Peer 1: 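Dropping a structure here in structure tokens format, bear with me for questions.
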Amino acid sequence: MEYRFNEIEKKWQDQWKADKAYKVSNESAKPKYYVLDMFPYPSGAGLHVGHPLGYIASDIYSRYKRLKGFNVLHPMGFDSFGLPAEQYAIETGQHPAETTKNNIATFKAQLDKIGFCYDWDREVRTSDPGYYKWTQWIFLQLFNSYFCNTQQKARPITELINKYATIGALPRNGKPVAGVHFTAAEWNAYSKKEQEDILMKRRLAFCAYGEVNWCEALGTVLANDEVVNGVSERGGYPVEKKKMRQWYLRITAYADRLLEGLETVEFSESMKEMQRNWIGKSQGAEITFKVVNGESSMVNNESSNSNSSFTTHHSALTVYTTRPDTIFGVDFMVVAPELELVQQIKSASEANAVDEYIAYVKSRSDVDRMAEKKITGCFTGAYAINPFSQQEIPIYISEYVLAGYGTGAIMAVPCGDERDFKFAQHFNIPITNIIGSHFNGEEANATKEAVLENSGFLNGMQMMDASELVLQKLEEQGTGKRKVNYRMRDAGFSRQRYWGEPFPIIWTDGIALPLDAEELPLELPHVDKYGPGPEGEGPLANIKEWTNISPTQRRETSTMPGYAGSSWYFLRYMDPHNTETFCDRKASDYWNQVDLYIGGTEHAVGHLLYSRLWTKVLFDLGLIGYDEPFKKLLNQGMIGGVSEKIFRVGANQNDEANSFAGHSSNSLVIKWHLVNNIPIILRPDDGGDLNYYLFSLSADLDVDSYETSLIRTSLNCVDDGILDIGKYKLHKQENSLHKDVSSYEILLCKDGYYDSKKENWFNYEKKPISPLSFKTIQVPEKMSKRYGNVVNPDDVVGKYGADTFRMYEMFLGPVEASKPWDTKGIEGVHRFLRKLWRLFNDDIKGKVWTDEKATDAELKILHRTIKKIEEDTEKFSFNTAVSAFMICINDLFDVKCHKKEVLEKILILLVPYAPHIAEELWQQLGNDSSILDAQYPTFNPALLVESTKEYPISINGKVRANLSLALDLDQKQVEEIVLQNDVVQKWLEGKDPKKIIYVKNKMINVVV
RNA sequence: GCCCAUGUGGCGGAAUUGGUAGACGCAGCAGACUCAAAAUCUGCCAUUCGCAAGGGUGUGAAGGUUCGAUUCCUUUCGUGGGCACCA
């Protein structure tokens, strides 16, 4: 009987489904274990072989834990709201709900073929009304909460209202500031709208006008982490700054707790570091400088509610610095051009220049700014007064200072800051050196270890100590205070799109009123057109009857971003069908934190921070019992694709007269399609006729002198690294604008080696080459439909079976490592499974397993394997576990062991990795119950105890001999035996050894 | 520029945490079985000198600590990832 994996896998997948073998209960006497995968976005392209890597790892661990006696929750679902479905809808008119449904069906079919142990009864889809009802509900909890600074946690907003109505909002010390502080009486006298506006500034989900990343092409705003290098992460469209009313989550309030929480979870160091960088906490000081205007036209306006934190009059300029110790080195000030303050301090004589400069800055997009980092700026005509030296310091504006960070203004210390230094040079501002020889006048030196000079009362002090003293003085004078700053901004939470959760908010007379919980879910209305609405609003604004409830009531027309649904999905799995609450407290208490979370690093700052935030808020409000969602995070690497590339040769740089000379590499693409006899040059296989190449060009062509570039072929045209020219021509014909390919010549080139860095060939060796065999060049590249290098797991599973596929993906290397997919090695894993099969069944003889008693040697093989597999699985070292299985089967073959006593234990070890074959052979051994619930074998150390050890004997650290010695020998006995050894004698050359090192059970080293 | 990883045969990768470098697999070579192929099995497989016995060299590079270093330290180079006018 042979190993017919297709039949076996189908049979058991059906059986397990019928038996509900993966059904998980919330009631169990067993200890719980929660294994979670980052659920996929169901894209139209389906799964490729890279996706399941993490799923396989989590599946192995889940099954392992189950065998170990745990009640294991291992669910799967779909993050099914999002941009691509909507883009597709715009293009094709198909409703996102429809395409999403189809895509999910494809995904599920693909996943099921791999044999995962998901409890599909717990599946969640973020776009289901039954699911997003609770996303909306949690949003309302955020809306109805504020962050209490004394308790450092979220509290119901009603508590704040109570406080305002009874005691008001008064400063803890200092004078009340208008617009910020008020008494209870004042509060009670405010209009409803005024009260709501004040409350909005405290809500955890709030609405505000702010600069957002507006993407015109996508017709929506994007969160900071969705913008990469000034363009949208999805699609790569330009992004501009725009002031709009947006919803936000007040994640900045949780900055400290998000940082502290990292200490309590097992994430990789790099992952934690990324989150820390994103939060970007820094400690420093806010220092207030008095401002004098050049023409002394002092302004005296009330402070505005801009994003600067000005609380005093505009006769002052507050800056944020992490280096208060450099206060005497301040040679100028720089204010962000966007700040309103600029208008108030600019002097009459400079006003024109200032306005011109501001107009210039506005004209520049983020992309421009990043592309060319020019030094630009403009003097305002105003001066600031140094609070210690009382010196007048000129105030400039420049785009290098960001309005959104700190106070939007800096004190510039050119001797200690590179940017300040360059700015000073550019505008010829004299530089004060406060760090003596540390500053060479050529470039700034940001040292923290200098002794201060030219620094008034700080002279002679270490910078570190000076910081503290300056802070104290500032506080005494009331001109500054300690201040912690964060780079992180509040998270933009609205999108001008259709395919997302609608906000359960109705605008009434400009007040955002939440829906009642009973009115949820607020379902997405049906639309016919997905185009944007008027004035930058989303498609929902086009449906008047839905949007305009009454003359005074209007629905919110933006929808929630992609990360809304994924911020809490791990909770819904615990209690997916509950219609009363998002997740019953009993269920979330039972399953508690996710014990193991597996997913890619691409979500390091987005999804992980947001779900950590939501968890903390839910915890603060007493809705769940823990404030970190994920106990341990394992990052799987990305499996990349490999593109099969060939060379195209362009113009000969030296020979103008050549038939294809004179084309720049840019025009090559076109020329290649248009001009006859432009060669595609392929790296040829070994063997064949070198002259063919020279002959066909009838010239002594040196490829090195030509522009060469790599072009992709399609995987379909390549078999085992050899290009099929016929298929390739056909492929080109189908995909080319110019259907006539008859003129394309494919030529051979001398062999050489390929330098991937320079994308060029070097060092041609004169090897004979074959005119008929064309090797392609394999270049690792992202797996993408566009590149034609996608490998579908269905194909691999069809050819080798799910068990082989699972084990092979693990065998490729450590799960955390990124690597390109390469099908070549899969044969080895497949051979292993067939070999395992032959321990039970012979192709000719049929059943070969026996009931005989196992020998000690056989038990030793078994228990060595139990130990190794268990250890490796525990530490997620799945690649070495697979190799341990191979060693075990090889060993059992060597001793011809076909004994059930040994084999059935091996099968249990194998279940997590290759469940189908394990179950099949388990049943063949005569077991009635499923192997999925078998008991994990226990390792018996007694069986592996050895009495002797084959020691390597080294002389001066180099192994020269091996010697089998009893383990209970002491140093002296060992020395005697070792010295009698012939090889040792030879190396000693009659001398006495200086020293003999004997490490029990390890090695022996003789020092001569 | 800053931060974090990482570097081992033709290839993917092992190495019990300082103790026989290259497990396991792929590819390759030689052989067995077969009319043949597939499948399977056996042997070889870092490099170099040597008929062999046996030596030399070798974990990106250069130093150091140690009886002994892929592992620890210093310097340096390459690759990958993250952040990037964040004051």
Side-chain angles (χ1 to χ4, degrees), chain A residues 2 229 268-278 280-282 284-285 319-323 326 334 369-370 373 375 398-402 404-413 416-420 422-423 446 485-489 601-602 604-605 635 637-638 756-757 778 807-808 811-814 816-832 834-835 838 843 867-868 871 877 879-888 890 893 950-962 983 986 993-999 1001-1008:
Chain A
E2 58 179 320
N229 292 329
S268 69
E269 222 13 77
S270 63
M271 186 62 75
K272 289 183 181 181
E273 201 55 33
M274 274 191 244
Q275 295 204 10
R276 288 194 197 106
N277 283 341
W278 186 260
K281 183 175 182 170
S282 73
V319 302
Y320 173 72
T321 179
T322 53
R323 299 295 301 276
T326 61
V334 188
R369 271 196 182 189
M370 270 178 242
K373 288 186 181 171
I375 301 167
S398 172
E399 61 181 333
Y400 87 87
V401 170
L402 307 174
Y405 183 76
T407 62
I410 63 159
M411 55 180 225
V413 183
D417 183 284
E418 197 53 44
R419 295 154 304 173
D420 298 348
K422 285 190 176 144
F423 193 88
N485 248 317
Y486 302 93
R487 189 191 336 235
M488 180 168 68
R489 310 291 151 84
T601 45
E602 66 272 22
V605 288
N635 291 119
M638 300 244 278
S756 60
K757 207 167 114 197
Q778 278 101 39
M807 290 193 96
Y808 180 59
F811 190 60
L812 276 173
E816 301 96 317
S818 291
K819 54 235 152 194
W821 172 262
D822 179 10
T823 316
K824 268 189 211 141
I826 201 168
E827 294 281 353
V829 175
H830 192 58
R831 271 198 276 268
F832 152 75
R834 282 210 305 264
K835 199 165 176 178
R838 294 208 315 275
D843 286 359
K867 180 168 187 278
K868 178 77 174 149
E871 282 172 0
S877 179
N879 56 329
T880 52
V882 174
S883 103
F885 277 121
M886 290 172 168
I887 294 169
C888 170
N890 288 346
F893 247 89
E950 177 92 352
Y951 283 97
I953 313 288
S954 358
I955 316 288
N956 290 337
K958 286 224 177 338
V959 180
R960 299 294 178 185
N962 281 295
V983 180
K986 189 190 120 192
K994 284 190 188 136
K995 205 199 247 179
I996 293 176
I997 289 143
Y998 165 55
V999 185
N1001 211 6
K1002 291 276 189 216
M1003 45 63 68
I1004 294 158
N1005 190 17
V1006 181
V1007 186
V1008 182

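Scope of the values below: all heavy atoms of this structure, side chains included, with no hydrogens, waters or symmetry mates. Computed from a predicted structure; not experimentally measured. Order of the sequence lines sets the chain letters (A, B, ...), proteins ahead of strands, with each chain counted from 1.
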Peer 1: Kindly indicate whether the side chain of A/Met638, heavy atoms from C-beta on, has any atom under 4.5 Å from the side chain of A/Thr601.
Peer 2: no
Peer 1: Calculate the interatomic distance between A/Met271 atom CE and B/C4 atom P; express it in whole Å.
Peer 2: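 Rounded to whole Å, this separation is 16 Å.
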Peer 1: Quote, to the nearest angstrom, the C1' distance that separates B/U66 from B/C72.
Peer 2: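 Between the two C1' atoms, the distance is 10 Å.
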Peer 1: Check this one for me: any side-chain N or O of A/Arg960 less than 4.0 Å away from OP1 or OP2 of B/U20?
Peer 2: no
Peer 1: Taking A/Pro814's backbone N and O only, do any of them form a donor-acceptor pair with A/Lys819's side chain (distance below 3.5 Å, no angle check)?
Peer 2: yes
Peer 1: Nearest whole angstrom, please: distance from the P of B/C83 to the CZ of A/Arg489.
Peer 2: 15 Å
Peer 1: Measuring to OP1 and OP2 of B/A87, would you say a side-chain N or O of A/Arg323 lies under 4.0 angstrom away?
Peer 2: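 No, because none of the side-chain N or O atoms of A/Arg323 sits under 4.0 Å from OP1 or OP2 of B/A87.
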Peer 1: For the pair A/Trp821 and A/Tyr808, name the ring-plane relationship: parallel under 30°, tilted 30 to 60°, perpendicular over 60°.
Peer 2: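 Judged by the thresholds at 30° and 60°, the geometry between A/Trp821 and A/Tyr808 is perpendicular.
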Peer 1: Would you indicate whether the side-chain heavy atoms of A/Asn635 and A/Met271 approach each other to under 4.5 Å?
Peer 2: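 Yes. Closest side-chain heavy atoms under 4.5 Å.
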Peer 1: If we take the C1' atom in both B/G10 and B/A5, what is their distance in whole Å?
Peer 2: 27 Å
Peer 1: Is a side-chain donor-acceptor pair under 3.5 Å present for A/Asn1005 with A/Lys995?
Peer 2: no
Peer 1: Report the residue (A/Arg838 or A/Ala884) whose heavy-atom-nearest nucleotide on RNA chain B is the more 5′ of the two.
Peer 2: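 Nearest nucleotide further toward 5': that of A/Ala884.
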Peer 1: Taking the side chain as every heavy atom from C-beta outward, state whether A/Thr326 and A/Asp417 have any pair of such atoms under 4.5 Å apart.
Peer 2: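 Not in contact.
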Peer 1: Can you measure A/Glu418 atom CD to B/C2 atom P for me and round it to whole angstrom units?
Peer 2: 12 Å
Peer 1: Would you measure the distance from the P atom in B/A46 across to the matching atom in B/A23 and give it in whole Å?
Peer 2: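 It works out to 8 Å between them.
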Peer 1: By nearest atom, which of the nucleotides B/C26, B/G12, B/C85 is closest to the A/Leu812 side chain?
Peer 2: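 Among B/C26, B/G12, B/C85, the one nearest the side chain of A/Leu812 is B/G12.
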Peer 1: I want to check one thing: is the phosphate of B/G55, taken as OP1 and OP2, less than 4.0 Å away from some side-chain N or O of A/Lys986?
Peer 2: yes
Peer 1: State the pairing partner of B/A5; accept Watson-Crick or G-U wobble contacts with both distances under 3.5 Å, and report none otherwise.
Peer 2: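 Its partner is B/U79 (Watson-Crick or G-U wobble, both distances under 3.5 Å).
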Peer 1: If the threshold is 4.0 Å, N to carboxylate O, is there a salt bridge linking A/Arg276 and A/Glu273?
Peer 2: yes
Peer 1: Expressed in whole Å, how much space separates the C1' atoms belonging to B/G50 and B/G55?
Peer 2: 9 Å
Peer 1: For B/U34 and B/G28, measure between their P atoms and round to the nearest Å.
Peer 2: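 Their P atoms lie roughly 24 Å apart.
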Peer 1: Taking only the side-chain nitrogens and oxygens of A/Arg831, find out if one of them lies under 4.0 Å from OP1 or OP2 of B/C24.
Peer 2: no
Peer 1: Sticking with atom C1', work out how far B/U17 lies from B/A69, rounded to a whole angstrom.
Peer 2: 12 Å
Peer 1: Mind calculating the distance between CG (A/Asn635) and P (B/C4) to the nearest angstrom?
Peer 2: 18 Å
Peer 1: Under 4.0 Å, heavy atoms only, any strand: does A/Lys994 hit a base, just the sugar-phosphate, or nothing?
Peer 2: nothing
Peer 1: Does the structure show a Watson-Crick or G-U wobble partner for B/U66, both distances under 3.5 Å? Name it, or say none.
Peer 2: none
Peer 1: Roughly how many Å is it from CD in A/Glu827 to P in B/A27, rounded to a whole number?
Peer 2: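 Value for this atom pair: 7 Å.
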Peer 1: Can you find a side chain N or O atom of A/Lys835 that sits less than 4.0 Å from OP1 or OP2 on B/C41?
Peer 2: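 Yes, within the criterion.
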Peer 1: Which value, in whole Å, describes the distance between the P atoms of nucleotides B/G64 and B/G25?
Peer 2: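 After rounding to an integer number of Å, I get 40 Å for this pair.
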Peer 1: Closest to the A/Lys958 side chain: B/U57, B/G82, B/U40?
Peer 2: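 Comparing B/U57, B/G82, B/U40 against the side chain of A/Lys958, the answer is B/U57.
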Peer 1: Report, as yes or no, whether the 6.0 Å neighbourhood of atom NZ on A/Lys867 holds more than 12 heavy atoms from other residues, nucleotides or ligands.
Peer 2: no
Peer 1: Measure from CG on A/Leu402 to C1' on B/C83 and round the result to the nearest Å.
Peer 2: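 For the pair A/Leu402 CG and B/C83 C1', the rounded distance is 14 Å.
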Peer 1: Give a yes/no on whether any side-chain N or O of A/Tyr405 is located under 4.0 angstrom from OP1 or OP2 of B/A87.
Peer 2: yes
Peer 1: For atom P, what is the distance between B/A15 and B/C51, given to the nearest Å?
Peer 2: 38 Å
Peer 1: Once you apply the 3.5 Å cut-off to both distances, tell me the Watson-Crick or G-U wobble partner of B/G18, or none.
Peer 2: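 B/G18 is paired with nothing.
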Peer 1: Pick one for B/G58: is it syn, with its angle within 90° of 0, or anti?
Peer 2: anti
Peer 1: Considering only B/C24, B/A39, B/A87, which nucleotide approaches the side chain of A/Phe811 most closely?
Peer 2: B/C24
Peer 1: Do A/Met411 and A/Asp420 have side-chain heavy atoms sitting under 4.5 Å apart?
Peer 2: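 Result no, sub-4.5 Å side-chain heavy-atom pair not found.
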Peer 1: Do A/Asn956 side-chain atoms and A/Val1008 backbone N/O form a donor-acceptor pair below 3.5 Å?
Peer 2: yes
Peer 1: Looking at B/G31, which nucleotide sits across from it as a Watson-Crick or G-U wobble partner, both distances under 3.5 angstrom, or is there none?
Peer 2: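 WC or wobble partner is B/C41.
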Peer 1: Is there a side-chain polar atom (N or O) of A/Asn890 under 4.0 Å from OP1 or OP2 of B/G25?
Peer 2: yes
Peer 1: Contact class for A/Asn879 vs. all strands (heavy atom < 4.0 Å): base, sugar-phosphate, or nothing?
Peer 2: sugar-phosphate
Peer 1: Would you indicate what A/Pro814 reaches in the nucleic acid, counting non-hydrogen atoms under 4.0 angstrom: base, sugar-phosphate, or nothing?
Peer 2: sugar-phosphate
Peer 1: Indicate syn or anti for B/U17, taking the glycosidic torsion and treating anything within 90° of 0 as syn.
Peer 2: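 B/U17: syn.
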Peer 1: Within this structure, what is the CG-to-C1' distance between A/Asp417 and B/G1, rounded to whole angstrom?
Peer 2: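 Nearest whole value for this atom pair: 13 Å.
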Peer 1: When the ring planes of A/Tyr405 and A/Tyr320 are compared, do they come out parallel, tilted or perpendicular, using 30° and 60° as the limits?
Peer 2: perpendicular
Peer 1: On RNA chain B, nearest-nucleotide positions of A/Lys1002 versus A/Tyr486: which is more 5'?
Peer 2: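 That would be A/Lys1002.
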Peer 1: Tell me: NZ of A/Lys272 to P of B/A5, nearest whole Å?
Peer 2: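 For the pair A/Lys272 NZ and B/A5 P, the rounded distance is 13 Å.
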Peer 1: For nucleotides 67-69 of chain B, which of its nitrogen or oxygen atoms have a protein nitrogen or oxygen under 3.5 Å away, and what is each distance?
Peer 2:
from  : atom 1 : to        : atom 2 : distance (Å)
B/C67 : O2'    : A/Asn1005 : ND2    : 3.3
B/C67 : O2     : A/Asn1005 : ND2    : 2.6

Peer 1: Please determine whether a side-chain nitrogen or oxygen atom of A/Ser282 lies at a distance below 4.0 Å from atom OP1 or OP2 of B/A87.
Peer 2: yes
